[in-house]
**Student:** 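There's a structure below that I have some questions on.
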Amino acid sequence: MLIKPEEENEPYFKLSNGPKTESLNTSTATNGLPLPLQRSLSEDTTQRGNRPSVGGHLLRSRLSPQRNLVEPESDSNVSVSSTGSLKRRRRQLPKAKLTSAKPPPLPPQLSHDMNSSDGGTSPDSGNYYGESESNDGEDEDDGSIGDTARELKSLHLRKAGRFRKSQTHPSRSNHSKTTHLSATNPSSGYDRPYTFGDKIECIKSDEQGTWHVARIVDFETYPASPDSNLFVHYEGFPPEQDEWVPPHLIRCCGAHHPFLRHGPRGAEQDRSWRDFAAYHQTKEAEKLRTHTAIAYDKQMLLHACPCGCERTIHPERPDRLVSIMDGLYRNGLMRYFRRLQGREATVEELLSVHTETHVRNYCSTPSLTSEPDAMVTDNDTPVNSATSILSILNPEDNNPARTRHGSGPGAMLRGVGGDVVVQADADQIRRQHRRFSTAMPDTKPSQAALETQDASLVPITPPTLVCKMTCGELGIAVDTTFHPLHSSTSARMAAGTLLNVVDQVVHGRIKNGFALIRPPGHHAEEDEAMGFCFFNNVGVAASLSLKLYPAIVQKVLIIDWDIHHGNGTQRIFYNNPNVLFISIHRWDSGKFYPFSGAPDECGDGPGLGFNVNIAFSELEKQKPMGDTEFIAAFYHLVLPISRQFNPDLIFVSAGFDAAEGHPENLGGYSVTPRGYGIMTSLVKELADEVSNGRLVLSLEGGYALQPLANSAVATMVQLLPQGTVPADMQYDHTLQSIKPNAAAVASLRRVSAIQSQHWKLDPALLDEDYRFHLPTEWKAQNSISTRPRRDKRQRIAPKGIEGY
């Protein structure tokens, strides 16, 4: 770059190689230059006189980083310099310093850009100064310009942007030619296409102001728009830390940036993410973007017992979601699912099934007082927090259906794990309230909190938070953990995230979806929180789907295969003929939590016959219920009744606490991932047959982490299109037995006798000799009993993408 004089008729500052001396106006030439450079120019002019100059231009038009290095010493560049001061300084230096090593070679990309045809001014070039080509036509010499380069550096010349507006980031140059999805970062002033697998930098929501390296996993909309949010995976962090990021928190990641921040696992392989990006250019990936989605938000991990599980490991804990996400990650299945955003449910949405009192007690609303001795009750009158626990957990209710649904004293005096109520004293209640009232929230106020004018996230202390749990902290309904600062946010996030999935399914943007949410909801009644549940997620979603989409959804089917009866869902829709609720659960003649769900609970009023309880009761010395028993219930009862109901939308309360590996007090059954996979396939076929494929699954229970992860992954995989499912997760014709045990046969026969009064069932189901067998072709041909020859062919897993 040449320094242009102020006046147009003045020459550019340069020295020629001939004996003729150029006339220089030093007073004008040095105007505005740093004092050292002015001095150098003055000395050079006075001392040089008429001597020829072989040092070349004083200021070169193409000065690159390679020229900044001191060149090896030679006779020419020691004796002759562009400035006289350089000769004097070199004579005073020791000889060892006069000999310099050969300058290191430039990186290949930088070397290529310096020699490119555009003069090094492209955004990919190594030219940091933005100079243009020289117009003097003279050949450059090899004279040393190290000192001149240092003088130029002191000028603080504006560096050319490495990436200019409307130019493509070099790492995206290949992707932008093949993908039709693009997004821009308007806050940066650049117009750059974003594609799947791109490396960017984002600010993590839980680390304000810290930029981390991330990879783009999904886009909010198709095709992407400039203001679309991006779903990113942070390199070096586990998958449960993935989140949606707005455009203003994203910036381009330089290829040679020296300060890139990764997670504790370190940087991930570029080759793996290139494979991820290549997959998303295939027709299969394009098809999957409108098929199956999973919804998740890491704010649901905030709900936990205040004790931090240091002394007692609570069954319903954040590790449940972590284990499922890790299961998808380890099996390389993340790429097959579209991602949906989570959000908090509004107060109005929760009021669709819950009472106003219940919502006020568990939400941050202005009407809720934070004092524990003045909480809101059904009559909106303050009650003392030291009131008898029996009066709080078992309020007087003249509705006979309440006790019939299992919400009476027998249900509330024991928790999910069988723990007995221990009432906390008033001093302990006040101490916990004081502890959290002075604690500062570690998260920013949510949008829902701002809408309710509660930006400070005041601690919430529900009136039922009076039970002393085994860990010493306060709980609800014996053993339901509650964090005064975070549990309300997580509960509302769970309900709102499920609503987002329903909205996408009903509008046809996706065919089916799975909501990975917690806390669960099927035990939450209209005015009661119990069984680890605060808001009935599926109840809210089913009620709003009937209200918001009347032209599409007139009838809703809810299938609950959690081992515990969904007493809350049953109570909400007990007299609603537009909602068919079918629950497959462990009952044990009313001795298993929540002590409700008897076979003769069939609905009330106009909803009579639209409540089906397939209640299992075990016999002495009987094997626990497993795959065959649950699938027999589906084949003989669930599917025939559902086809007659002909729903427009199907929900599944997908609890996995019937999976093998759960203790007796929380489960006790032995359903395998194969069993859950087959049940999911049956429900998916039913949805394709009667509801145009509209199917939504919502996570409920499941507390043994490894069985939970394996069962949930097997379930989600079955939602994918045929041919996408990995070979080792295809469970057709793989049952070890097609004959249910005697206890299951007795239970199914009793349910059939009751439901035959409301639905058309096969008369053979009522026969005393009928054994409820499954089709013969469903039995595995190569089972353990036949000892098949091992297949030596190994399944070719997707190329490692660090889980993606």
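Values in this document were obtained by computation on a predicted structure and should not be read as measured data.
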**Student:** How long is the gap from CD1 on Ile559 to CD1 on Ile582, to the nearest 0.5 Å?
**Tutor:**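 Interatomic distance, Ile559 CD1 to Ile582 CD1, rounded to 0.5 Å: 5.5 Å.
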
**Student:** What I'd like to find out is whether the side chain of Ile650 reaches to under 4.5 Å of the side chain of Arg694, using heavy atoms alone.
**Tutor:** no

**Student:** Dump the intermediate steps for side-chain contact (heavy atoms from CB on, under 4.5 Å) on Leu720 and Phe337, then the final yes or no.
**Tutor:** CA-CA 8 Å; Leu720 296 171; Phe337 299 94; 3.8 Å; yes

**Student:** Using the six-membered ring wherever Trp is involved, compare the ring planes of Trp561 and Tyr676 and label them parallel, tilted or perpendicular (cut-offs 30° and 60°).
**Tutor:**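 Plane angle between 30° and 60°, so tilted.
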
**Student:** What residues, two or more places apart in sequence or in another chain, satisfy salt bridge (charged side-chain N to carboxylate O under 4.0 Å, His left out) together with Arg338?
**Tutor:** none

**Student:** Taking atom types as modelled, is there a side-chain donor on Ser228 or Ser225 under 3.5 Å from an acceptor on the other?
**Tutor:** yes

**Student:** Are any side-chain N or O atoms of Asn537 and backbone N or O atoms of Pro519, one a donor and one an acceptor, separated by less than 3.5 Å?
**Tutor:** yes

**Student:** Begin from the C-alpha positions of Tyr194 and Phe219 and carry the test ring-ring contact (aromatic ring centres under 6.0 Å, His included) through to its verdict.
**Tutor:** CA-CA 10 Å; Tyr194 286 144; Phe219 297 87; 7.7 Å; no

**Student:** Do side-chain atoms of His662 reach the backbone of Gly702 as a donor and acceptor pair under 3.5 angstrom?
**Tutor:** no

**Student:** Classify the side-chain pair Thr355/Glu526 by whether it contains a donor and acceptor separated by less than 3.5 Å.
**Tutor:**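 Their side chains do not contain a donor-acceptor pair, so the 3.5 Å distance test is not met.
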
**Student:** Would you please test Gln299 and Thr489 for side-chain contact (heavy atoms from CB on, under 4.5 Å) and show each step?
**Tutor:** CA-CA 8 Å; Gln299 287 196 63; Thr489 300; 3.5 Å; yes

**Student:** Can you confirm whether Ile476 sits close enough to Pro462 that some side-chain heavy atom of one is under 4.5 Å from a side-chain heavy atom of the other?
**Tutor:** yes

**Student:** Show, in sequence, the C-alpha distance, side-chain angles and deciding distance for Phe656 and Thr715, and conclude whether the side-chain contact (heavy atoms from CB on, under 4.5 Å) test is met.
**Tutor:** CA-CA 10 Å; Phe656 299 99; Thr715 297; 3.3 Å; yes

**Student:** So, does Tyr593 use its side chain to make a donor-acceptor pair with the main chain of Gly531 at under 3.5 Å?
**Tutor:** yes

**Student:** Testing the basics here: between Val553 and Ser545, what is the closest heavy-atom pair and its distance to 0.1 Å?
**Tutor:** CB-O, 3.8 Å

**Student:** What are the two closest heavy atoms between Cys602 and Gln755, and how far apart are they?
**Tutor:**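 Of all heavy-atom pairs spanning Cys602 and Gln755, the closest is SG-NE2, 3.7 Å.
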
**Student:** Measuring from atom CD1 of Ile558 to atom OG of Ser583, what distance do you get when rounded to the nearest 0.5 angstrom?
**Tutor:**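 So the gap between those two atoms works out to 11.0 Å.
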
**Student:** Can you tell whether the side chains of Arg289 and Asp218 come within less than 4.0 Å, N to carboxylate O?
**Tutor:**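 Result for this pair is no, no salt bridge flagged.
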
**Student:** Mind checking whether His758 and Val612 have side chains closer than 4.5 Å, heavy atoms only?
**Tutor:**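 No. Closest side-chain heavy atoms not under 4.5 Å.
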
**Student:** Specify the closest pair of heavy atoms between Ala345 and Ala495, including all atoms of both residues, with the distance to one decimal.
**Tutor:** CB-CB, 3.9 Å

**Student:** Where do Thr195 and Ile216 come nearest, in terms of heavy atoms and distance?
**Tutor:**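 Closest approach of Thr195 to Ile216, heavy atoms only: O-CB, 3.7 Å.
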
**Student:** Do we see a donor-acceptor contact under 3.5 Å between the side chains of Asn567 and His523?
**Tutor:** yes

**Student:** Without hydrogens or angle criteria, can the side chains of Gln504 and Asn500 be said to hold a donor-acceptor pair below 3.5 Å?
**Tutor:** no

**Student:** Test salt bridge (charged side-chain N to carboxylate O under 4.0 Å, His left out) on Lys547 and Glu349 and set out the steps.
**Tutor:** CA-CA 11 Å; Lys547 178 181 179 181; Glu349 290 170 338; over 6 Å; no

**Student:** Show the nearest heavy-atom pair for residues Thr282 and Tyr279, with the distance to one decimal.
**Tutor:** OG1-O, 2.5 Å

**Student:** Hey, is the main chain of His314 close enough, under 3.5 Å, to the side chain of Arg317 for a donor-acceptor pair?
**Tutor:**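 Judged by distance alone, yes, a pair lies under 3.5 Å.
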
**Student:** Taking atom types as modelled and ignoring hydrogens, do the side chains of Glu243 and Tyr234 form a donor-acceptor contact shorter than 3.5 angstrom?
**Tutor:** yes

**Student:** Are Tyr549 and His507 an aromatic pair, judged by ring center distance below 6.0 Å?
**Tutor:**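 They qualify: ring centres under 6.0 Å apart.
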
**Student:** Are Tyr362 and Thr464 close enough that a side-chain donor and a side-chain acceptor fall under 3.5 Å?
**Tutor:** yes

**Student:** Please find out if less than 6.0 Å separates the ring center of Phe616 from that of Phe630.
**Tutor:** yes

**Student:** For side-chain hydrogen bond (donor to acceptor under 3.5 Å, both in side chains), just list the numbers for Asp297 and Thr497, CA-CA rounded to whole Å, side-chain angles, deciding distance to a tenth of an Å, and then say yes or no.
**Tutor:** CA-CA 8 Å; Asp297 194 287; Thr497 300; 6.0 Å; no

**Student:** Any side-chain heavy-atom pair from Arg518 and Phe532 closer than 4.5 angstrom?
**Tutor:** no

**Student:** Could you tell me if the side chain of Val556 sits less than 4.5 Å from the side chain of Phe651, heavy atoms only?
**Tutor:**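 Touching, per the 4.5 Å side-chain cut-off.
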
**Student:** Once you round to the nearest 0.5 Å, how far does CG of Leu557 lie from CG of Leu649?
**Tutor:**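 Going from the CG atom of Leu557 to the CG atom of Leu649 covers 9.0 Å.
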
**Student:** Pair Leu499, Arg343 - check side-chain contact (heavy atoms from CB on, under 4.5 Å), show working.
**Tutor:** CA-CA 9 Å; Leu499 291 176; Arg343 67 171 179 88; 3.6 Å; yes

**Student:** Got Met300 and Ile517 here, is their nearest side-chain heavy-atom distance under 4.5 Å?
**Tutor:** yes

**Student:** Is Asp503 salt-bridged to Arg509, cutoff N-O under 4.0 Å?
**Tutor:**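 Arg509 and Asp503: salt-bridged.
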
**Student:** From Asn578 CG over to Lys555 NZ, what is the distance, rounded to the nearest 0.5 angstrom?
**Tutor:** 8.5 Å

**Student:** Is the CZ atom of Phe237 crowded by more than 12 outside heavy atoms at less than 6.0 Å?
**Tutor:** yes

**Student:** At what distance, to the nearest 0.5 angstrom, does CD1 of Ile294 lie from CG of Leu333?
**Tutor:**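 Rounded to the nearest 0.5 Å, the CD1-CG separation comes to 9.5 Å.
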
**Student:** Does Lys298 pair with Asp242 as a salt bridge, N-O distance under 4.0 Å?
**Tutor:** no

**Student:** For residues Arg320 and Pro520, report the shortest heavy-atom separation together with the two atoms involved.
**Tutor:**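 In this case the closest contact between Arg320 and Pro520 is NH1-CD, 4.4 Å.
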
**Student:** For a 4.5 angstrom cut-off between non-hydrogen side-chain atoms, does Pro247 reach Leu230?
**Tutor:** no

**Student:** Between Glu700 and Gly521 (side chain of the first, backbone of the second, donor and acceptor by atom type, cut-off under 3.5 Å), is there such a pair?
**Tutor:** yes

**Student:** Does this structure show an ion pair linking Arg330 with Asp326, if we count only N-O contacts that are shorter than 4.0 Å?
**Tutor:**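 Here Arg330 pairs with Asp326 in a salt bridge, since their nearest N and O are under 4.0 Å apart.
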
**Student:** When rounded to the nearest 0.5 angstrom, what distance separates SG in Cys202 from CZ in Arg215?
**Tutor:** 11.5 Å

**Student:** Do Ser691 and Asp648 pair up side chain to side chain, a donor and an acceptor below 3.5 Å, judged on atom types alone?
**Tutor:**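 Per modelled atom types, Ser691 and Asp648 side chains form no pair under 3.5 Å.
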
**Student:** Consider only side-chain N and O atoms of Asn613 and His565, and report whether a donor and an acceptor are under 3.5 Å apart.
**Tutor:**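 The criterion, which ignores hydrogens and geometry beyond distance, is satisfied for His565 and Asn613.
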
**Student:** For His358 and Phe535, I'd like to know if the aromatic rings sit close, meaning centre-to-centre distance below 6.0 Å.
**Tutor:**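 Judged by ring-centre distance (under 6.0 Å), His358 and Phe535 do meet the cut-off.
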
**Student:** For the residue pair Phe592 and His564, establish whether any side-chain heavy-atom pair is separated by less than 4.5 Å.
**Tutor:** yes

**Student:** Centres of the Trp244 and Phe231 rings: under 6.0 Å?
**Tutor:** yes

**Student:** For the rings on His303 and Phe534, is their centre-to-centre separation under 6.0 Å?
**Tutor:** yes

**Student:** Aromatic rings Tyr804 and His233: how do their planes relate, parallel, tilted or perpendicular, breaks at 30° and 60°?
**Tutor:** tilted

**Student:** Is it true that His522 and Asp560 share a donor-acceptor pair across their side chains at a distance under 3.5 Å?
**Tutor:** yes

**Student:** Out of Val501, Leu719, Leu498, which one pairs with Leu697 under the side chain to side chain contact (heavy atoms under 4.5 Å, CB included) rule?
**Tutor:** Leu719

